[in-house]
Amino acid sequence: MHGGQRGDSVHDRSAPEPIHAMTTPSVIIVGGGPVGVMGGLLLAQRGFSVIVFERQTQVYNLPRAITMDDEIQRVFAGAGLLEGLQAIT
């Protein structure tokens, strides 16, 4: 993912990787909200080269959802995130 998208707290936001230095992605996602980031993660886990573009430079720190139903829990489990989320919710 490209620096500056929501949910990406690991990368240094002050020095995003120049686009010309990256390989050509097979998927481009515009919008680093919950759906864009999850879609990018799931595609990358399946071997696609993915880049997510987000115009905001800061992470939106307020919750975007008020509940997690069975379906989204299956998605989180498939992405390897469910145990970590359950530990903090």
Side-chain angles (χ1 to χ4, degrees):
M1 286 195 273
H2 194 334
Q5 64 275 9
R6 292 182 209 131
D8 182 14
S9 60
V10 177
H11 298 298
D12 178 7
R13 295 180 194 286
S14 63
E17 184 178 353
I19 291 175
H20 65 275
M22 295 185 297
T23 60
T24 302
S26 44
V27 178
I28 297 173
I29 297 173
V30 178
V35 175
V37 170
M38 180 61 79
L41 173 64
L42 293 172
L43 288 165
Q45 288 177 337
R46 285 157 181 79
F48 290 90
S49 171
V50 180
I51 186 168
V52 177
F53 288 98
E54 172 56 50
R55 68 178 169 185
Q56 302 299 320
T57 59
Q58 299 294 318
V59 174
Y60 187 77
N61 289 322
L62 297 175
R64 299 254 177 137
I66 57 172
T67 186
M68 288 195 328
D69 65 11
D70 292 341
E71 188 60 33
I72 195 61
Q73 289 187 40
R74 281 191 285 276
V75 173
F76 285 138
L81 302 173
L82 185 59
E83 287 183 19
L85 286 170
Q86 288 176 329
I88 62 171
T89 57

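These numbers come from the heavy atoms of this one structure, side chains and all, not from hydrogens, waters or symmetry mates. FYI, the numbering just counts along the sequence from 1.
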With a 4.5 Å limit on heavy-atom distance, are the side chains of [X] and [Y] in contact?
X: Arg74; Y: Leu82; result: no
X: Gln86; Y: Phe76; result: no
X: Val75; Y: Leu42; result: yes
X: Val50; Y: Ile29; result: yes
X: Val52; Y: Ile28; result: no

Using only atom types and a distance under 3.5 Å, with no angle test, would you say the side chain of [X] pairs donor to acceptor with the backbone of [Y]?
X: Gln56; Y: Gln58; answer: no
X: Glu54; Y: Val30; answer: no
X: Ser26; Y: Ser49; answer: yes

Flag yes if Met68 and Leu41 sit in one hydrophobic cluster, no otherwise; membership is Ile, Leu, Val, Met, Phe, Trp, Tyr, and two members link when side-chain heavy atoms are under 4.5 Å apart.
yes

With rounding to the nearest 0.5 angstrom, report the CE to CD1 distance, Met38 to Ile72.
5.5 Å

